[in-house]
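Right, one structure below, let's go through it.
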Amino acid sequence: MIIILKNNESLICDDFKLKCVIGKAGKTINKIEGDKKTPRGTFTLGNLFYRPDKKNKPLSNLKCIAINKKMGWCDDPRSKKNYNKLIKIDKKTNLKYEKLFRKDSIYDYFIPINYNTNRSTLGKGSAIFIHLTKDYKKTLGCIALKEKDFLILAKIIKKNSKIKIY
């Protein structure tokens, strides 16, 4: 199954058209860390992450992982070992990272888009997710959906589904 970002404001998946929002600066094939652009291409998807203290485990064919306070996503281009990967954070963590256990609700559910994950290139972009939005405010490079639409997507996608962003 392929999920298609048809334009900058809708995801097409099977018979569903889901309203979404992308990066503030549009799309690019030359992604750079911090450019606020959504990467173009066809990508696989990662596991589904959720906040068990706020949300129920969603119905999904994807593996569901509970988010805890010690989880982060490394966006530090100085760290070849950890760049664009899930990391455990603590007081000794001396890396830049995206905190996954947030006060706002955008990461109550999210799915990593496997952009720049295998043999990642430092500085080419990290932490590109499908996550939640309440107001369709442009993102820093991710794709965001309202919760009801995210849950529809989570239910119908498969482990081998891909997303095509063009």
Side-chain angles (χ1 to χ4, degrees), residues 1-28 31 33-75 84-87 89 96-117 125-159 161-166:
M1 169 184 299
I2 295 194
I3 305 158
I4 298 171
L5 179 67
K6 184 163 172 81
N7 49 39
N8 292 354
E9 51 195 45
S10 58
L11 283 178
I12 309 297
C13 188
D14 277 353
D15 295 333
F16 294 92
K17 182 177 180 180
L18 308 171
K19 185 175 178 181
C20 69
V21 65
I22 66 165
K24 292 177 185 177
K27 297 176 284 199
T28 185
K31 178 94 182 103
E33 187 72 44
D35 66 2
K36 299 183 177 94
K37 294 179 182 176
T38 302
R40 289 181 188 265
T42 301
F43 310 103
T44 58
L45 300 171
N47 298 316
L48 191 156
F49 291 78
Y50 72 101
R51 284 280 300 269
D53 59 313
K54 295 169 72 176
K55 302 291 180 184
N56 291 324
K57 181 179 175 183
L59 291 174
S60 183
N61 292 308
L62 299 177
K63 180 179 177 182
C64 295
I65 297 173
I67 299 167
N68 65 53
K69 291 180 181 179
K70 295 185 180 218
M71 295 170 98
W73 202 276
C74 181
D75 57 7
N84 201 19
K85 291 185 175 80
L86 179 67
I87 60 170
I89 55 176
K96 286 179 49 199
Y97 58 87
E98 185 79 24
K99 192 172 186 177
L100 301 182
F101 196 93
R102 295 169 58 125
K103 289 183 180 170
D104 66 18
S105 58
I106 70 167
Y107 291 168
D108 284 359
Y109 293 117
F110 77 89
I111 301 168
I113 295 172
N114 289 328
Y115 163 77
N116 195 31
T117 51
S126 63
I128 305 297
F129 303 145
I130 300 171
H131 63 69
L132 302 181
T133 184
K134 287 192 185 226
D135 56 8
Y136 296 108
K137 184 179 173 189
K138 297 278 188 177
T139 71
L140 299 178
C142 296
I143 297 172
L145 303 163
K146 292 271 186 157
E147 183 174 336
K148 69 177 180 54
D149 289 336
F150 183 96
L151 293 172
I152 290 168
L153 181 68
K155 197 181 291 188
I156 61 177
I157 61 177
K158 312 261 186 281
K159 289 181 182 182
S161 292
K162 294 183 178 182
I163 186 165
K164 184 175 183 177
I165 303 166
Y166 63 97

Worksheet entry | Lys/Arg cation over aromatic Tyr115: Lys31, 6.0 Å, 45° cone |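 Not flagged: Lys31 not positioned over aromatic ring of Tyr115.
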Without swapping roles, check the side chain of [X] against the backbone of [Y] for a donor-acceptor pair under 3.5 Å.
X: Asn84; Y: Ala127; result: yes
X: Asp53; Y: Ile67; result: no
X: Glu147; Y: Leu132; result: no
X: Lys146; Y: Lys134; result: yes

Fill in: Check against ring-ring contact (aromatic ring centres under 6.0 Å, His included), Phe129 and Tyr107
CA-CA 9 Å; Phe129 303 145; Tyr107 291 168; 5.4 Å; yes
Return yes when atom [atom1] of [X] has more than 12 non-hydrogen atoms of other residues, nucleotides or ligands closer than 6.0 Å, and no otherwise.
X: Lys27; atom1: NZ; answer: yes
X: Asp135; atom1: CG; answer: yes
X: Lys137; atom1: NZ; answer: no
X: Lys162; atom1: NZ; answer: no

So, do [X] and [Y] sit near enough that their side-chain heavy atoms are less than 4.5 Å apart?
X: Asn56; Y: Tyr50; value: no
X: Leu100; Y: Ile89; value: no
X: Ile130; Y: Leu45; value: yes
X: Thr117; Y: Phe43; value: no
X: Phe150; Y: Leu48; value: yes
X: Ile157; Y: Ile111; value: yes
X: Met71; Y: Phe101; value: no
X: Pro112; Y: Trp73; value: yes

Discussion item. Could you measure the distance from the OH atom of Tyr109 to the CZ atom of Arg51? Nearest 0.5 Å is fine.
Written reply: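 That separation rounds to 11.5 Å.
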Discussion item. To the nearest 0.5 Å, what is the distance between CG on Asn7 and CG on Leu5?
Written reply: 6.5 Å
Worksheet item: Is a salt bridge present between Asp104 and Arg102, judged by a nitrogen-to-oxygen distance below 4.0 Å?
Response: yes
Worksheet item: Of the options Ile143, Thr42, Asn8, Ile3, which is the one that meets Ile165 in a side chain to side chain contact (heavy atoms under 4.5 Å, CB included)?
Response: Ile143
